[in-house]
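Below you'll find the structure, written out as structure tokens, and then a few comments.
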2 protein chains.
Amino acid sequence: MARESKKHKDIITTARELFWKHGFKRMSVEEICRKANVSKMTYYKYFPNKIELAKTMFNNVVEEGEKQFRMIMKEDSTAAEKLEKIILLKMEGTNSISPEFLQDFYTGSEPELKAFVEERTKKTWDLLINDFKEAQEAGIFRKDFKPEFMVIIQNMLIGIIEDENITAMFDTRQELIMEFVNLIIYGIAPRE
Amino acid sequence: MARESKKHKDIITTARELFWKHGFKRMSVEEICRKANVSKMTYYKYFPNKIELAKTMFNNVVEEGEKQFRMIMKEDSTAAEKLEKIILLKMEGTNSISPEFLQDFYTGSEPELKAFVEERTKKTWDLLINDFKEAQEAGIFRKDFKPEFMVIIQNMLIGIIEDENITAMFDTRQELIMEFVNLIIYGIAPRE
DNA sequence: TGTAAATATACGAAAATAATATAAATATAC
DNA sequence: GTATATTTATATTATTTTCGTATATTTACA
């Protein structure tokens with residue numbers, strides 16, 4: 001009963017792909033098994049039910065995101081560089097959570113999974129904010145900036161990316177990110 | 001009972017989005033109605049069942065693709081320009097058929113829809129090949145080139161786009177397309 | 001107000017799904 | 001080659017979901 005079994009891993013990565021793309025409800029255990037080349041019986045050897053698979057999968061993704069985030073924060077780099085890397089990380093999709101996956105929860109069904117996701121997300125935010133505070137104390141960010149404000153910045157970014165009027169103003173995504181980072185880091189006041 | 005009803009259109013465009021993204025089986029009529037802001041009853045006023053909706057939707061997409069294709073073929077332009085535009089059209093997704101949508105059929109389920117899609121696709125190919133022949137007779141393409149070969153070229157293109165080793169060789173998608181078009185139009189023999 | 005269209009709701013039958021049980025097949029270790 | 005442990009194929013049951021219809025209500029609108 002090796003917990004690091006190949007099949008076990010296959011199930012999780014397949015689940016991530018499919019839940020991410022189509023959402024939780026739309027995917028059946030059987031289809032996940034088929035795509036992962038695992039029989040249903042081996043599936044139920046590792047996971048007691050469908051929800052538990054989603055939890056494990058989500059947990060893995062969040063943990064991976066946390067790890068990458070902390071790596072960036074520990075790097076010896078400026079605030080602008082850090083922020084840019086964090087945004088890129090988010091946009092690469094490794095860290096960002098698929099709306100398809102979240103959709104099911106916010107329609108009211110699957111309250112157990114919804115609670116789990118919310119709690120886990122909150123826990124992550126606490127961690128990230130703490131890292132921000134440390135970086136702040138180390139002098140990387142302005143002292144009177146509230147790290148909790150990062151949540152709001154995240155939402156701003158999402159809004160900007162989804163706004164076609166804004167994206168149309170830039171030739172490349174990179175340019176848009178740099179502009180955004182500069183705004184967040186330096187504000188709109190002229191530099192001296 | 002206006003056949004050009006707004007609701008009727010809403011259903012089709014929503015179905016296209018969702019079938020395209022998640023496939024036929026995974027989408028329920030109810031969810032399509034919900035996303036299209038149409039009650040189930042009005043849905044069944046316009047469509048007798050789920051398959052008929054998929055057929056209508058597919059038909060619309062193919063017809064739209066045909067129209068755009070013929071427009072390009074009728075234009076006063078060189079073979080290279082035409083081919084490039086056709087490829088771009090395909091890549092924009094307006095014309096290309098989502099693999100998610102096709103997947104259900106090739107697993108054996110839904111034989112009726114499978115038959116319909118195959119027949120409709122064949123009919124389209126016949127039309128397109130005919131247009132190619134006309135263009136050929138008009139001197140736009142080499143006389144001893146078999147238009148039926150276009151099917152094979154299509155498959156080549158799909159293979160190339162999905163091959164990361166190849167796409168990595170080009171900075172932009174445009175470059176890759178141009179290279180491919182040049183190969184198809186002029187071959188690899190040196191130009192005099 | 002009166003008429004046509006759209007909706008919400010409920011409903012039954014059929015199909016799909018989650019989860020379990022059992023026997024056969026495969027792989028691995030000795 | 002045999003024994004042991006995994007994995008699979010298949011069948012099964014209870015529970016949901018889904019399809020498609022019927023009815024009663026609400027909305028649009030002329």
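All heavy atoms count here, side chains included; hydrogens, waters and symmetry mates do not. Here is the naming used below: chain letters follow the sequence lines, and residue numbers restart at 1 for every chain. Predicted model, so just to flag it, every value in this text is computed and none were measured.
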Is the base of dG20(D) touched by the side chain of K40(B) through a donor-acceptor pair closer than 3.5 angstrom?
yes
Nearest nucleotide by nearest heavy atom, which residue falls closer to the 5' end of DNA chain C, T42(B) or E110(B)?
T42(B)
Between [X] ([atom1]) and [N] ([atom2]), how many Å, whole number?
X      : N       : atom1 : atom2 : answer
Y46(A) : dT8(D)  : OH    : P     : 9 Å
D10(B) : dT7(C)  : CG    : C1'   : 15 Å
F24(B) : dA16(C) : CZ    : P     : 11 Å

Paired nucleotide for dA28(D) [Watson-Crick or G-U wobble; both distances under 3.5 Å]:
dT3(C)
Pairing nucleotide - dT13(D), Watson-Crick or G-U, each distance under 3.5 Å
dA18(C)
In terms of side-chain heavy atoms of [X], which of [options] is nearest?
X      : options                   : answer
N49(A) : dT17(C), dA19(C), dT18(D) : dA19(C)
S5(B)  : dT9(C), dT20(C), dA6(C)   : dA6(C)
K7(A)  : dG20(D), dT7(D), dA8(C)   : dT7(D)
V29(A) : dA18(C), dA6(C), dT8(D)   : dA18(C)

Do the charged groups of [X] and [Y] touch, with an N to O distance under 4.0 Å?
X       : Y       : answer
R16(B)  : E64(B)  : no
K133(B) : D131(B) : no
E17(A)  : K21(A)  : no

How are the rings of F47(B) and H8(B) set relative to one another: parallel (under 30°), tilted (30 to 60°) or perpendicular (over 60°)?
parallel
Take I51(B) and K25(A), find for each the nucleotide of DNA chain D with the closest heavy atom, and name the residue whose nucleotide sits nearer the 5' end.
K25(A)
